[in-house]
Amino acid sequence: MADSVVRGEGWTAAPDLDAVGEGYGFRKLRRELDVTEFGVNVITIPPGYATGGHYHERQQELYFVHRGAIEMTFGDGAKQELREGGAARVDAATVRSVRNLSESEDAQYLIVGAEAGYVGRDAHVPEGETSPRGPGFGG
């Protein structure tokens with residue numbers, strides 16, 4: 001593995017994904033980064049590989065393609081291609097599966113799952129700062 005996970009007061013960071021696992025399959029970001037409010041994993045699949053289908057009882061999931069291109073197949077038979085930077089939201093009860101579209105390159109995607117809903121815009125700017133976006137971005 002590359003650099004290891006670093007922990008501080010109120011935060012945990014992985015300098016890259018190799019710090020939380022290697023090879024094919026799941027990289028358990030939730031466990032490695034001490035996440036307690038939602039599920040989060042990175043999955044790496046080999047060229048041409050297709051996962052089996054699955055669904056959840058309660059948690060909605062967000063899929064984000066970090067590397068490569070995947071095709072998602074949904075319970076209604078629809079298929080959607082997602083490239084690097086692409087994303088899909090899938091409701092809990094919807095069956096979904098993933099296939100790596102490349103015959104020569106790995107695909108890697110992040111999945112975030114949770115239940116119980118959005119908490120709203122609860123961000124605050126620390127005293128002495130004027131914008132959480134930094135210079136050059138509108139309020």
- Message: Looking at every heavy atom in both S97 and G52, which two are closest together, and how far apart are they?
- Response: CB-O, 3.7 Å
- Item | Interatomic spacing from CG in L17 to CD in E32 - rounded to 0.5 Å | 11.5 Å
- Nearest atoms (heavy-atom pairs only) where L110 meets V42: CD1-CG2, 3.7 Å
- Is R27 reaching over with its side chain to a backbone N or O of G21, donor-acceptor style, under 3.5 angstrom? yes
- What is the minimum heavy-atom distance between Q59 and G113, and which atoms define it? OE1-C, 3.3 Å
- Message: Which residues end up grouped with Y109 if you chain together Ile, Leu, Val, Met, Phe, Trp and Tyr wherever their side-chain heavy atoms are less than 4.5 Å apart?
- Response: F26, I43, I45, Y49, Y63, V65, I70, M72, F74, L82, V90, V98, I111
- Item | Full working for side-chain contact (heavy atoms from CB on, under 4.5 Å) between E115 and Q60 | CA-CA 6 Å; E115 184 229 354; Q60 186 180 72; over 6 Å; no
- Item | Reported CD-to-OG1 distance for the pair E61 and T94, which is rounded to 0.5 angstrom | 10.5 Å
- Message: Please determine whether side-chain contact (heavy atoms from CB on, under 4.5 Å) holds for the pair E71 and Q80, giving the CA-CA distance in whole Å, both sets of side-chain angles, and the decisive distance to 0.1 Å.
- Response: CA-CA 5 Å; E71 177 182 73; Q80 183 63 50; over 6 Å; no
- Message: Starting from Y55 and following side-chain heavy-atom contacts under 4.5 Å between hydrophobic residues (I, L, V, M, F, W, Y), which residues can be reached?
- Response: V95
- Smallest heavy-atom separation, G85 atom then F64 atom, equals O-CE1, 3.5 Å
- Query: In Å, rounded to the nearest 0.5 Å, how long is the span from CG of N100 to CD of Q108?
  - Reply: 11.0 Å
- Find out if a path of hydrophobic residues (ILVMFWY) with successive side-chain heavy-atom gaps under 4.5 Å connects V5 to F38. yes
- Message: Test your reading of the model: is there a side-chain donor-acceptor pair from R30 to the backbone of V112, 3.5 Å cut-off?
- Response: no
- Message: Let me check something: do V35 and V6 share a hydrophobic cluster, defined by ILVMFWY side-chain heavy atoms less than 4.5 Å apart, either directly or through other members?
- Response: no
- Query: Does a sphere of radius 6.0 Å around CZ in R83 hold more than 12 heavy atoms from other residues, nucleotides or ligands, not counting ones at 6.0 Å or beyond?
  - Reply: no
- Which atom pair, heavy atoms only, marks the closest approach of P15 to S4? CD-O, 3.5 Å
- Heavy-atom nearest pair, P46 first then D106, reads CA-OD1, 3.7 Å
